[in-house]
Engineer: 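Dropping a structure here in structure tokens format, bear with me for questions.
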Amino acid sequence: MERENLKPADLDAASRCRDDTALTIEVRLPEPMDLVASLECGQVFRWGRCAFPGRPDLKVAYKGVAGGTGLIIAQPDARTGAAISDSLWVQYDPSVTSTEEVRGIILRYFSYDDHVSSIEAKLKSTGHVMVDAVSFCRGLRIITQDRWEALASYILSTNNSIPNISRIIRNLSERFGEPCGLGERSFPTPERIAGESLSRLRECKCGFRDQNLSDAAIKVSSGDVDLEAIGSMTPEEARRELMRIRGVGPKVADCVLLFGYHMLEVFPVDVWVARAVSRYYLGGRQVSPKEAREEGLRRFGRLAGYAQEYLFYYLRSQGLS
DNA sequence: AAACAGGTGCTAA
DNA sequence: TTAGCACCTGTT
């Protein structure tokens, strides 16, 4: 069992407040972030809007799981629409994790090794499209998710809608995950999913993707696909390795590499990104996903991943087609 | 009610 | 190599 860390004398009362057993802390950020854009730009499926218990002043709050821990995260002063801030308010269960661990989880999850301000500046210098897209997406950060969860999530994303994907992930976690604080449950391990029948997976509403998810879980838990080793491969090798899994094609593989491995030089192409490339860079000429990808890699190089996310969020938010 | 949603696997040219 | 089709499920 966890050690007691609820002794009031130890708490820095000015920056924490009690809500039942949960604690709330403020996490200062090395550079500003747009929480709404970062959580709602389609890169992650675990977060739902909620009220922040005991803090009605925090209007924009999300509940979900990061770093294997249930959290509620809020951005102060966030108005509706894009807004950035220098800190976050985070609520967590101290019997699950510590204040310092939570700070570490937040900084890692939101990729604070990236200097996004300079990434924004570099991309702006590539032309007027990025000037517009970046100013629209200011403070959007590419998240660093758990690798296995990213792989499973993007397998589930094929030919599917975001609300559905979120629902499946919630169902899988509720059924097969472990409690991880604030009433949340962690995403189930590959071992656990590998041990479930297809019909049990199908009950979580993953549809025809049940077989793909199962295949991934079996290959990963058996070591046939080594998620750790993939981290030290080149993007091309890593991509080829991931695509050995049923249901993992070019798009899913690139998403896993970008959001699970933080390989920023990949350029995942879905229908929206293909439309954006066609519209903004190729004079509206229709392009195959392969062609769009090559164009993105050529134009944006090491920062293709961020460029892709800006194009996606920018175009989608405009409701263009 | 029929079409569609942030792809992929399979088959046929 | 590439075009065309089916595919669970939930919404509009």
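All values reported here derive from a predicted model rather than from experimental measurement. Quick note on labels: first sequence line is chain A, next is B, and so on, each numbered from 1.
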Engineer: Taking a pair as Watson-Crick or G-U wobble with both distances under 3.5 Å, which nucleotide is matched to B:dG6?
Structural biologist: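 Its partner: none found.
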Engineer: How would you label the contact of A:Gly42 with the nucleic acid (heavy atoms, under 4.0 Å): base, sugar-phosphate, or nothing?
Structural biologist: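 The answer is base, as A:Gly42 lies within the cut-off (heavy atoms under 4.0 Å) of a base atom.
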Engineer: Does NZ or CZ of A:Arg141 lie under 6.0 Å from the centre of the six-membered ring of A:Tyr112, at an angle within 45° of the ring axis?
Structural biologist: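 Yes, A:Arg141 lies over the aromatic ring of A:Tyr112.
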Engineer: How many angstroms lie between CD1 in A:Ile168 and SG in A:Cys204, if you round to the nearest 0.5 Å?
Structural biologist: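 Rounded to the nearest 0.5 Å, the CD1-SG separation comes to 9.0 Å.
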Engineer: Once you apply the 3.5 Å cut-off to both distances, tell me the Watson-Crick or G-U wobble partner of C:dC8, or none.
Structural biologist: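 Pair assignment: C:dC8 / none.
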Engineer: Checking all strands, does A:Cys204 fall into the base, sugar-phosphate, or nothing category for heavy-atom contacts under 4.0 angstrom?
Structural biologist: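 No contact at all - A:Cys204 keeps every heavy atom at 4.0 Å or more from the nucleic acid.
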Engineer: Take atom OH of A:Tyr310 and atom C1' of B:dG6, then tell me their distance rounded to the nearest Å.
Structural biologist: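 Result: 19 Å.
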Engineer: What distance separates A:Ser153 OG from A:Trp148 CH2, expressed to the nearest 0.5 Å?
Structural biologist: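 Atom-to-atom, A:Ser153:OG and A:Trp148:CH2 are 9.5 Å apart.
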Engineer: If the C1' atom of B:dA3 is compared with that of C:dC5, how far apart are they to the nearest Å?
Structural biologist: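 B:dA3 and C:dC5 have their C1' atoms separated by 16 Å.
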Engineer: Select from A:Tyr154 and A:Ile245 the residue whose nearest nucleotide in DNA chain B is closer to the 5' end of that strand.
Structural biologist: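 Checking each residue's closest nucleotide, the 5'-ward one belongs to A:Tyr154.
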Engineer: When you compare B:dC10 with C:dC8, how far apart are their P atoms, in angstrom units rounded to a whole number?
Structural biologist: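 Going atom to atom, P in each nucleotide, I get 14 Å.
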Engineer: Counting side-chain heavy atoms from C-beta on, which of B:dG6, C:dT9, B:dG7 comes nearest to A:Phe312?
Structural biologist: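 Nearest to the side-chain atoms of A:Phe312, counting from C-beta on, is B:dG6.
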Engineer: Ignoring backbone atoms, establish whether A:Arg316 has a side-chain N or O less than 4.0 Å from OP1 or OP2 of B:dG6.
Structural biologist: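 It does, given that an N or O in the side chain of A:Arg316 lies less than 4.0 Å from OP1 or OP2 of B:dG6.
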Engineer: Touch check for A:Val252, heavy atoms < 4.0 angstrom, all strands: base, sugar-phosphate only, or nothing?
Structural biologist: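 Sugar-phosphate only.
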Engineer: Base, sugar-phosphate, or nothing: which does A:Pro250 touch, judged by heavy atoms less than 4.0 Å apart?
Structural biologist: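 Contact class for A:Pro250: sugar-phosphate only.
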Engineer: Keeping the roles fixed (side chain from A:Glu101, backbone from A:Ser98), state whether a donor-acceptor pair exists under 3.5 Å.
Structural biologist: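 Yes, A:Glu101 side chain to A:Ser98 backbone: donor-acceptor pair under 3.5 Å.
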Engineer: Within this structure, what is the CD1-to-P distance between A:Ile162 and B:dC4, rounded to whole angstrom?
Structural biologist: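 Those two atoms, CD1 and P, are 19 Å apart.
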Engineer: Which of parallel (below 30°), tilted (30 to 60°) and perpendicular (above 60°) describes A:Tyr281 and A:Phe300?
Structural biologist: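 Correct class here is perpendicular.
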Engineer: I need the OH-C1' distance between A:Tyr314 and B:dG6, as an integer number of Å.
Structural biologist: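 It is 19 Å, rounded to the nearest whole Å.
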Engineer: Using OP1 and OP2 only, check whether a side-chain N or O of A:Arg246 sits under 4.0 Å from B:dC10.
Structural biologist: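 True: A:Arg246 side-chain N/O within range (under 4.0 Å) of B:dC10 OP1/OP2.
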Engineer: Applying a 4.0 Å non-hydrogen cut-off, can you work out what A:Arg209 is touching in the nucleic acid: base, sugar-phosphate, or nothing?
Structural biologist: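 The answer is base, as A:Arg209 lies within the cut-off (heavy atoms under 4.0 Å) of a base atom.
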Engineer: Compute the ring centroids of A:Tyr154 and A:Phe259, then answer whether they are less than 6.0 Å apart.
Structural biologist: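 Yes, the ring centres sit under 6.0 Å apart.
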Engineer: Can you figure out which of B:dG7, C:dT11, C:dT9 approaches the side chain of A:Arg167 most closely?
Structural biologist: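 The listed nucleotide nearest to A:Arg167's side chain is C:dT11.
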Engineer: Specify the residue among A:Asn160 and A:Asn212 whose closest nucleotide of DNA chain B lies further upstream toward the 5′ end.
Structural biologist: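 Result of the comparison: A:Asn160.
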Engineer: Does A:Asn159 contact B:dT8 through a side-chain donor or acceptor facing the base, at a distance under 3.5 Å?
Structural biologist: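 Answer is no: no donor-acceptor pair is held.
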Engineer: Go through C:dG10, C:dT2, C:dC8 for me and flag the one nearest to the A:Lys290 side chain.
Structural biologist: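 Of the options given, the side chain of A:Lys290 lies nearest C:dT2.
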Engineer: Expressed in angstrom and rounded to an integer, what is the separation of A:Ile168 atom CD1 from C:dC8 atom C1'?
Structural biologist: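 Rounded to the whole Å, the gap is 8 Å.
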Engineer: Between A:Thr97 and A:Thr69, does any side-chain donor sit less than 3.5 Å from a side-chain acceptor?
Structural biologist: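 Not at all, the side chains of A:Thr97 and A:Thr69 share no donor-acceptor pair under 3.5 Å.
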Engineer: Return the value, rounded to whole Å, for the distance between atom CZ of A:Arg275 and atom C1' of B:dG7.
Structural biologist: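 Distance, rounded to whole Å: 13 Å.
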Engineer: Could you tell me whether A:Ile165 contacts a base, only the sugar-phosphate backbone, or nothing, with contacts defined as non-hydrogen atoms closer than 4.0 Å?
Structural biologist: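 A:Ile165: no heavy atom of the nucleic acid under 4.0 Å.
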Engineer: What is the distance from CD1 of A:Ile169 to C1' of C:dG10, rounded to the nearest Å?
Structural biologist: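 Taking atom C1' of C:dG10 as the reference, CD1 of A:Ile169 is at 16 Å.
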Engineer: Rounded to the nearest Å, what distance is computed from the CZ atom of residue A:Arg244 to the C1' atom of nucleotide B:dT8?
Structural biologist: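 Interatomic distance, CZ of A:Arg244 to C1' of B:dT8: 17 Å.
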Engineer: Can you check the A:Gln286 CD to C:dA3 P distance for me, whole Å?
Structural biologist: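 Rounded to whole Å, this separation is 12 Å.
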Engineer: Can you identify which nucleotide, out of C:dT9, C:dC8, B:dG6, has its nearest atom closest to the A:Phe208 side chain?
Structural biologist: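 The answer is C:dC8.
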